[in-house]
Amino acid sequence: MEAQLRERILAQPTSGMHWQQLATLLAQTGRHAEAADAFARAVENGASAQALALPWSLALSNAGRHAEAVAVLQPVQERKPKDFVLANTLGVLLKRAGRLDEAVPLLEMARKLDPRSVSPCQNLGNTQELRGDFAAAAAAFAAGLKLDPRNGELWRLHGRALRALNDMDGALASFEKAFGLDPRNREIGTTLIGLLLERGENERALGVVQKLRIALPDDTMAEVMEGRILLRQGRVAEARERLEAVIARRPGDRPANMLLARLHGDGDRRLANEALERAFAAEPDNPEVMDALVESLSRSRYDSEVAHLERAYVIACRLMERHPDRVPRYARSLRTVFQRVLDLPRLEATGTLAQLAPLWLAENRLSALHYELGQVETLEDRLQIVEWHRQWGRREESTIKPVSLPARPAIHAERKLRVGFMSSDLRNHPVTYFALPLLESYDRDRVQVFCYSFYEGERDGVQQHIEQKVYAFRWWPRQPSAKVAEDIARDELDILFELGGSTAMNKLDVMAYRPARIGASWLGYPHSAGLERIDYILTDPYIRPTDPRLLIEKAFEMPDSWVTLGRLGFNDRVPIEDGTPEERQGALTFGTMNNPYKYTTKCLDAWAAVLRAVPGSRFLFVRPEASGESFVRNAGEVFSARGVDPSRLDFVGVRGKHLPYYNRIDIALDSFPHVGGTTTCETLWMGVPTITLVGAGFPERISYSNLSNAGLGELCAHSAEEFVQIAVALAEDRAKRRLWRTGLRDMIRARPLGDVQRFVDAFYAKAKEVCA
């Protein structure tokens, strides 16, 4: 049929009717891109654009050409505003194009034009869900269910919206209704199983698995779900065996590979990526697979880190292009990559934090906010971020009952203070650079120290060292949070410090169980964690926010500094070269080693202003990303747009062996509003002064604390203009820079930032005070 049509077209190349027939046939066989082109040829050869607008626009949209699809259909719909089909279809096309706010009124109009049709209800609900308005989504799906109460897909969507609204009972009821109506629907069954597992109802989850097995006897999904249950129970080896058996039979099985990738996680990124690449090869246009692969590649540190990042960037751009309506849903992985390669236009196109944060919270992805703490301009912005953390915490605590704690006698001379530290970074990691003094230099006659780690990688020398220094080191990789809390409670702690917040491999939810009499946060997450069952957060006089509303917890306030520089990360093994970099290199060099997710538009504006004000100066990026072609290109465009020749930029791509490169930087420029932490301390230790901008919130004041406690408070600016002025003045003061280059380490040792025993004694004295 197709061949005959082509022959007719060749014989009569101006026949619009024949092109239209070919286009229709191509569309019916799923060859949408070819169909879209054939429809265009039909119109060129005399066919009516208005008559073909509907199938032509659908072919364009199905081919991923969403903007063109809208352009074809929109003028036709505007001429026929009361046509239900046109309004409903254009609403869907706008949704697919990511133009969600425009889609809503059209879909609402379609509902009014045909109040008996379920389709616009479902389309409107899907659009509202993507917008993050879950209440409106639930209402739209409920309206559809009144019209078609036996629609299993609508019950599924209704349950998903209720779940996002934290109505877990309502969500469970909807999913059970959906499964009863459509037991062969894999997505309904898997979501229902996941919801039951979240509620701890493992037996009911297994019952759904058995029903899936009966309904889909030749499907692998039941086996995959059994693997998920085993993983939830901490039976990792059995879960892996179950999933690998599925993949041996069906190498491209998407659910099995994606769950296996989750199982490997940060413990073995190579194997995680291998699993996701199998799924991607089988379904290269599946947005869920692309999202997972982008995220995993961007977290990969083995072999060439920058090669993984470049591949993640390519896939992220394709995901954004092919599925613009899904960009909000997958914005976290997209933003991570775009931040790391400095692609500011695509980063902006993913949406605003106000749009994205509700979606992340609905998916229980608090960790996504970690990379957005600097996306603030006003006090209201900062308060909103605190409120999002609090909303997550209340949602988490609503499903968790605190464990029962044994009675403990009051602290007195005969009883030691029992202090716990919970972090998966109690190994060779920056968190341990600061925590180690508290694990080594405490008074063993008065204090017992317990450590808890969930790290999924191999035990290293630093962990072994800590194990020898503390009363107990509990290493519980992949142990369920409820069991972790019960086991910690047996240690009868007076106070437990979590050191990681929502960062990788930590179990922040354990704190919701209140496994110790008092809970506290410190170090690894520069913000209130969100749980109101965490009593304290460690601060100092500099780092404490200016507005008390910017903290959820009470302040566990140290007298001087919130950290001290211990021997693990801050020693004399990396030498400071003689003279200044300017003297050795012939030009003054500014630079940064801060993470690109902290670079904001205003920060880049200030850096460029400094370079413009100091003619001949250069700027050095020392980052793992900095050796990548994309980072170099995008950085050049960023600075060129701000009046700085890209030839003044230098790049060093390195991870973990970066300290010697401070010998190439005269003055470090801090990121802002989210400033450096570990990086600022390392910078000062290597004799490099850092200019910082002090803000209102916790993540904006860490460098302020570091610099003040090192005797360098004069480098703290309180406006972007002052930031530039201080940098320019210091660039001109060669004598001061030369003095600091060789003298900063001794200055630090003589002040609170470097006085280890002073910090340790103050910490345990404060702990005893709050526990008394």
Side-chain angles (χ1 to χ4, degrees), residues 370 373-374 376 382 430-438 497 499 501 520-529 536-548 550-551 553-566 569-570 592-595 598 603 668-686 688-719 722-723 726 740 744-745 747-763 765-766:
H370 182 201
L373 298 178
V376 294
R382 294 166 172 87
V431 164
T432 302
Y433 299 172
F434 299 105
L436 190 61
L438 297 179
F497 286 85
L499 308 184
S521 288
W522 176 47
L523 203 56
Y525 189 68
H527 195 274
S528 288
Y536 290 92
I537 185 169
L538 193 145
T539 68
D540 65 32
Y542 305 97
I543 215 168
R544 185 182 67 247
T546 55
D547 190 315
L550 294 176
L551 288 181
E553 311 87 348
K554 293 176 287 187
F556 182 102
E557 186 152 321
M558 298 288 285
D560 304 301
S561 176
W562 87 307
V563 293
T564 189
L565 306 191
F570 306 93
T592 186
M593 297 197 187
N594 281 355
N595 197 308
K598 299 180 182 180
C603 166
L669 299 182
D670 206 355
S671 55
F672 65 82
H674 192 169
V675 301
T678 302
T679 303
T680 301
C681 291
E682 290 178 340
T683 306
L684 298 178
W685 189 249
M686 290 302 300
V688 182
T690 297
I691 315 298
T692 194
L693 177 61
V694 182
F698 197 118
E700 304 167 66
R701 304 173 70 82
I702 300 171
S703 292
Y704 178 38
S705 171
N706 298 152
L707 288 161
S708 299
N709 280 296
L712 296 175
E714 64 192 89
L715 300 181
C716 300
H718 294 271
S719 70
E722 188 183 9
F723 181 96
I726 293 173
W740 281 345
L744 264 179
R745 287 185 179 177
M747 284 179 61
I748 290 169
R749 289 187 181 104
R751 287 169 172 78
L753 186 60
D755 191 336
V756 170
Q757 198 57 53
R758 175 177 177 171
F759 177 83
V760 172
D761 292 344
F763 177 91
K766 184 67 177 180

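The CD atom of E557 sits 7.0 Å away from the CG atom of D540 when rounded to the nearest 0.5 Å. Atom CG of residue L565 and atom CD of residue E682 lie 10.0 Å apart, to the nearest 0.5 angstrom. Distance check, rounded to the nearest 0.5 Å: NE2 of H527 to CG of L550 gives 7.0 Å. In this structure, CD1 in I691 is found 11.5 Å from OG1 in T683, a value given to the nearest 0.5 Å. Rounding to the nearest 0.5 Å gives a distance of 11.0 Å between OG1 of T679 and CG of L684. With values rounded to the nearest 0.5 angstrom, I543 atom CD1 is found 11.5 Å from Y704 atom OH.
Judged by distance alone, with hydrogens and angles left aside, the side-chain atoms of S561 form no donor-acceptor pair with the main-chain N or O of T564 at under 3.5 Å. With hydrogens and angles ignored, the 3.5 Å screen pairs no side-chain donor or acceptor of N709 with any backbone N or O of L753. Judged by distance alone, the side chain of K598 and the main-chain N or O of V675 form a donor-acceptor pair under 3.5 Å. A donor-acceptor pair under 3.5 Å links the side-chain atoms of E553 to the main chain of A529, judged by distance alone. Checking side-chain atoms of R701 against main-chain N and O of Y542 turns up a donor-acceptor pair under 3.5 Å.
Looking at V376 and E700, their side chains come closer than 4.5 Å, going by heavy atoms from C-beta outward. Within the 4.5 Å cutoff, the side chain of L712 has heavy atoms near those of the M747 side chain. Contact of the V756 side chain with the F570 side chain is not registered, since no non-hydrogen atoms from C-beta on lie closer than 4.5 Å. Contact of the H718 side chain with the V694 side chain is registered, since non-hydrogen atoms from C-beta on lie closer than 4.5 Å. Side-chain contact between V563 and N706 is present, with at least one heavy-atom pair separated by less than 4.5 Å.
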S703 vs D670, test: side chain to side chain donor-acceptor pair (under 3.5 Å). Steps then yes/no. CA-CA 8 Å; S703 292; D670 206 355; 2.6 Å; yes

### Message
With ring-ring contact (aromatic ring centres under 6.0 Å, His included) as the criterion, how do Y433 and W685 come out once you've worked through the C-alpha distance, each side chain's angles and the decisive distance to 0.1 Å?
### Response
CA-CA 13 Å; Y433 299 172; W685 189 249; over 10 Å; no

Go through it in stages, so that I can follow the logic: the residues are F434 and L499, the test is side chain to side chain contact (heavy atoms under 4.5 Å, CB included), and I'd like the CA-CA distance, side-chain angles, deciding distance and then a yes or no. CA-CA 11 Å; F434 299 105; L499 308 184; over 6 Å; no

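Here the closest heavy-atom approach between residue P752 and residue D560 is recorded as CB-CB, 3.6 Å. Closest non-hydrogen pair, L373 versus P699, comes out as CB-CG, 4.2 Å. Annotation for I702 and P526: closest pair CD1-CB, 3.6 Å, computed over non-hydrogen atoms. The minimum heavy-atom distance linking G566 with P437 is given by the pair CA-CG, 3.8 Å. The two atoms that bring G697 and R382 nearest to each other are N-NE, 4.2 Å, heavy atoms only. For the residue pair L551 and S528, the shortest heavy atom distance occurs at CA-OG, 3.4 Å.
Residues passing the side-chain hydrogen bond (donor to acceptor under 3.5 Å, both in side chains) test with T432, sequence neighbours excluded: none.
The only option from W562, W522, Y525 that meets the ring-ring contact (aromatic ring centres under 6.0 Å, His included) definition with F698 turns out to be W562. Exactly one of T690, T692, I726 qualifies for a side chain to side chain contact (heavy atoms under 4.5 Å, CB included) with L715. That residue is I726.
The aromatic rings of F556 and F763 sit tilted, their planes meeting at an angle between 30° and 60°. Ring geometry for H370 versus H674: interplanar angle of 30 to 60°, hence tilted.
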